[in-house]
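Positions are given from 1, in the same order as the sequence printed here.
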Amino acid sequence: MPDRDDLNAKSIYDDLLHRAQGVIRTRDFDGYQGVFDLPFRLVNLDAAHVFSTPDDLRMIFETIQHRIFCLNLSSYFAVCLDAQRIDETTIVATHETRMITDNLLVGDPVPSVAVLKHVRGQWLLTEVWNFRPDRFGTSFLRVEQETRPAAQWIAMQARVYGALGGRTGVSTVR
């Protein structure tokens with residue numbers, strides 16, 4: 001059974017995901033940017049980016065809004081699978097994002113790993129790794145790209161995996 005810190009970490013991340021999903025649904029960019037601490041790092045399979053300004057962050061928000069419109073999604077939501085407090089100011093968590101149209105799942109759920117930091121009295125997202133297929137076109141050409149060698153990304157992934165106690169956080173339910 002998870003200890004109390006891990007249950008609390010999961011609750012914190014669940015709350016943050018629900019807040020983010022609510023502002024996405026209502027198209028509230030100001031509320032959306034309130035979920036992140038800048039600079040924010042987004043790592044996808046095709047690129048890694050650093051979002052340093054609210055204008056940079058707006059690109060993520062607009063991309064999500066565009067995807068919802070183009071795919072005619074009736075639901076776009078993330079579900080926290082696992083979370084662990086690493087120290088007093090850091091939580092590492094996993095979630096899956098699901099996109100639904102007319103009660104049908106659009107593709108497989110997309111697994112992600114998130115790093116939350118406690119800053120300015122609140123928990124905020126500082127980094128997310130999306131294991132999203134390249135076909136989603138998630139590169140943001142106008143945003144600074146990370147230039148870390150692949151070996152560093154693999155080492156970071158191993159550290160996250162270790163922080164979760166070997167649990168991948170990827171659900172087996174489809």
Side-chain angles (χ1 to χ4, degrees), residues 8-68 76-97 110-164 168-169:
N8 188 39
K10 189 172 186 315
S11 175
I12 288 167
Y13 192 45
D14 270 333
D15 291 346
L16 191 63
L17 285 173
H18 289 297
R19 195 169 107 209
Q21 292 166 66
V23 296
I24 287 169
R25 267 194 310 276
T26 60
R27 298 183 181 100
D28 173 10
F29 175 71
D30 291 334
Y32 184 75
Q33 75 178 4
V35 172
F36 300 90
D37 186 38
L38 298 178
F40 169 72
R41 286 174 178 71
L42 177 64
V43 180
N44 294 315
L45 293 177
D46 57 343
H49 301 280
V50 179
F51 296 82
S52 300
T53 69
D55 286 340
D56 291 346
L57 200 56
R58 186 177 293 277
M59 284 188 274
I60 300 173
F61 184 76
E62 289 175 355
T63 298
I64 292 170
Q65 295 299 324
H66 181 74
R67 185 172 296 129
I68 289 169
Y76 181 94
F77 64 97
V79 176
C80 176
L81 302 173
D82 202 356
Q84 184 174 2
R85 188 182 294 253
I86 303 306
D87 58 37
E88 290 301 311
T89 62
T90 309
I91 292 174
V92 175
T94 58
H95 71 267
E96 284 184 337
T97 302
V110 176
S112 299
V113 174
V115 178
L116 289 73
K117 290 285 190 178
H118 195 261
V119 290
R120 298 180 300 281
Q122 60 185 335
W123 288 97
L124 299 173
L125 286 168
T126 60
E127 189 164 344
V128 171
W129 301 357
N130 285 323
F131 298 93
R132 181 184 313 274
D134 292 348
R135 70 177 181 275
F136 276 92
T138 49
S139 284
F140 299 92
L141 300 177
R142 297 187 324 250
V143 177
E144 174 189 344
Q145 288 199 18
E146 285 275 352
T147 57
R148 296 181 200 180
Q152 284 183 304
W153 289 116
I154 292 167
M156 289 173 65
Q157 187 176 8
R159 282 199 318 266
V160 169
Y161 184 72
L164 292 172
T168 63

Apply the test side chain to side chain contact (heavy atoms under 4.5 Å, CB included) to residues Lys117 and Thr90: give CA-CA distance (whole Å), side-chain angles for both, the deciding distance (0.1 Å), then the verdict.
CA-CA 5 Å; Lys117 290 285 190 178; Thr90 309; 2.7 Å; yes
Is there a side chain to side chain contact (heavy atoms under 4.5 Å, CB included) between Asn130 and Ser112? Walk through the geometry before answering.
CA-CA 4 Å; Asn130 285 323; Ser112 299; 2.5 Å; yes
Quick one: do Asn8 and Ile12 satisfy side chain to side chain contact (heavy atoms under 4.5 Å, CB included)? Show the steps, please.
CA-CA 6 Å; Asn8 188 39; Ile12 288 167; 3.8 Å; yes
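Interatomic distance, CG of Leu16 versus CG of Leu124, reported as 7.0 Å (0.5 Å rounding). Between the NE2 atom of His66 and the CE atom of Met59 there is a distance of 15.0 Å, given to the nearest 0.5 Å.
Under the salt bridge (Lys or Arg N to Asp or Glu O under 4.0 Å) criterion, Asp15 pairs with no residue, sequence neighbours left out. Applying the ring pair (Phe, Tyr, Trp, His ring centres under 6.0 Å) rule to Tyr32 yields the partners Phe36, Phe61; only residues at least two apart in sequence or on another chain are considered. Taking the ring pair (Phe, Tyr, Trp, His ring centres under 6.0 Å) definition, one finds that His18 meets it with nothing, sequence neighbours left out.
Across all their heavy atoms, Cys80 and Asp14 have their closest contact at CB-OD1, 3.0 Å. Considering every non-hydrogen atom in both Arg85 and Asp87, the closest pair reads CG-O, 2.9 Å. For the residue pair Ala114 and Val128, the shortest heavy atom distance occurs at CB-CG2, 4.1 Å. The two atoms that bring Val79 and Leu17 nearest to each other are C-CD1, 4.2 Å, heavy atoms only. The shortest non-hydrogen separation linking Trp123 to His118 is NE1-CD2, 3.3 Å. For the residue pair Val92 and Ile86, the shortest heavy atom distance occurs at CG2-CG1, 3.6 Å.
Lys10 has its side chain out of reach of Ile91: every pair of non-hydrogen atoms, C-beta onward, lies at least 4.5 Å apart. For the pair Leu38/Gln33, no side-chain contact is recorded, criterion being any heavy-atom separation below 4.5 Å from C-beta on. The shortest distance between side-chain heavy atoms of Leu125 and Tyr13 falls below 4.5 Å. No side-chain heavy atom of Asp30 sits less than 4.5 Å from a side-chain heavy atom of Pro54.
Distance alone, capped at 3.5 Å, is enough to place a donor-acceptor pair between the Thr126 side chain and the Val115 backbone. A side-chain donor-acceptor contact under 3.5 Å links Gln21 to the backbone of Ala78.
Dense packing is recorded around CZ of Arg19, with more than 12 heavy atoms of other residues, nucleotides or ligands lying under 6.0 Å away.
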